[in-house]
Amino acid sequence: MKRYFAVAAIMVATSCTSTTSKKVVLSAPDSTSATVADAATPASIKLKDANVQSIYNGYIVLKDALVNAKFEDAKKAAAELKVNLASQKGCESTALTAEKMATAKDIASQRKDFTTLSADLIALFKHADVEAGTIYVQHCPMANKGDGGDWLSSEKKIQNPYYGEEMMECGRVVEEIKSAK
């Protein structure tokens, strides 16, 4: 019986430090979009559509605020992200999720809603035209009381927005979104 507990403990400990990744190249042709060259773009991620680029940049600011447990910064970032999401066709309900995060009473509520926001935006960026850089889809199996949670990052290094300093490196890269070129 003790062996089973030891094996289970080892499995839990290693589930949050795995760096196995599955590479996926996704893009969607959109020749009518303008190329965005923004020096402030996180880790040189360049998306063809200017509004999608703004959404990505705002999402990263929000994610970083959650990583650093900065509640007020996360509220501000969510409010700004809501504006960009509201102007993107098909993202109206995601804008409502961002608004909910902007008016949240605590960081725990923001982190809970971040799961839904991330799921929606992962779908958006899988269909976006990435011109340069790699967007990493990362996953923490312990987020949301063990249900897990995904998020996007501009770097491979795990910085967990669901737990912050408590379990900063809990998670793994599960997918990479990059230019098909």
Are any of the side-chain heavy atoms of [X] and [Y] separated by less than 4.5 Å?
X: F125; Y: V130; answer: no
X: S154; Y: Y56; answer: yes
X: K63; Y: S153; answer: yes
X: L47; Y: D129; answer: no
X: I55; Y: L81; answer: yes
X: L66; Y: M101; answer: yes

**Message:** Connecting only ILVMFWY residues whose side-chain heavy atoms lie within less than 4.5 Å of each other, what is the rest of V67's hydrophobic cluster?
**Reply:**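 Joined to V67, directly or through intermediates: M168.
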
Ignoring hydrogens, what is the shortest heavy-atom contact between [X] and [Y]? Give both atom names and the distance.
X: V52; Y: A128; result: CG1-CB, 4.0 Å
X: A98; Y: A78; result: O-CB, 3.4 Å
X: H127; Y: A123; result: ND1-O, 2.9 Å
X: V137; Y: I177; result: CG2-CD1, 3.8 Å
X: W151; Y: C140; result: CZ3-N, 3.5 Å

**Prompt:** Under a single-linkage definition using a 4.5 Å side-chain heavy-atom cutoff for Ile, Leu, Val, Met, Phe, Trp and Tyr, are L121 and L96 assigned to the same hydrophobic cluster?
**Reply:**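 Different hydrophobic clusters.
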
Given 3.5 Å as the limit, does a donor-acceptor pair link the side chain of [X] with the main chain of [Y], or not?
X: Y163; Y: M142; answer: yes
X: Q138; Y: N160; answer: no
X: N144; Y: D147; answer: no

**Item:** Partners passing ring-ring contact (aromatic ring centres under 6.0 Å, His included) against Y59 (at least two apart in sequence or in another chain)
**Value:**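 Scan of Y59 (ring-ring contact (aromatic ring centres under 6.0 Å, His included), adjacent residues dropped) gives F114.
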
**Prompt:** Which pairs pass side chain to side chain donor-acceptor pair (under 3.5 Å) with one or both residues in residues 83-97, sequence neighbours excluded?
**Reply:**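 Non-adjacent pairs meeting side chain to side chain donor-acceptor pair (under 3.5 Å): N51-S87, N51-Q88, T94-D120.
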
**Message:** Once side chain to side chain donor-acceptor pair (under 3.5 Å) is applied, what residue pairs with a partner in residues 69-81 remain, sequence neighbours excluded?
**Reply:**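 Listed once each, the pairs would be none.
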
**Request:** Give, for atom CD of E175 and atom OG1 of T134, the distance between the pair rounded to the nearest 0.5 Å.
**Result:**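 It is 12.0 Å, given to the nearest 0.5 Å.
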
**Message:** For residues 94-116, which residue pairs pass the salt bridge (charged side-chain N to carboxylate O under 4.0 Å, His left out) check, not counting sequence neighbours?
**Reply:**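 Listed by first then second residue: K100-D113.
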
**With A77 via side chain to side chain contact (heavy atoms under 4.5 Å, CB included) - residues at least two apart** =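 V61, L62.
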
**Item:** Residues which pass side-chain hydrogen bond (donor to acceptor under 3.5 Å, both in side chains) with D150, listed by chain and number, not counting sequence neighbours
**Value:**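 Once residues adjacent in sequence are excluded, the partners of D150 under the side-chain hydrogen bond (donor to acceptor under 3.5 Å, both in side chains) criterion are H139.
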
**Item:** By side-chain hydrogen bond (donor to acceptor under 3.5 Å, both in side chains) - contacts of Q110 (at least two apart)
**Value:**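 If we apply the side-chain hydrogen bond (donor to acceptor under 3.5 Å, both in side chains) test to Q110, skipping adjacent residues, there are no hits.
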
**Request:** Give the intermediate values and the outcome of side chain to side chain contact (heavy atoms under 4.5 Å, CB included) for residues K82 and L85.
**Result:** CA-CA 5 Å; K82 177 208 173 254; L85 286 166; 5.7 Å; no

**Asked** What's the verdict on side chain to side chain contact (heavy atoms under 4.5 Å, CB included) for Y136 and I158, showing C-alpha distance, side-chain angles and the deciding distance?
**Response** CA-CA 10 Å; Y136 298 94; I158 301 297; over 6 Å; no

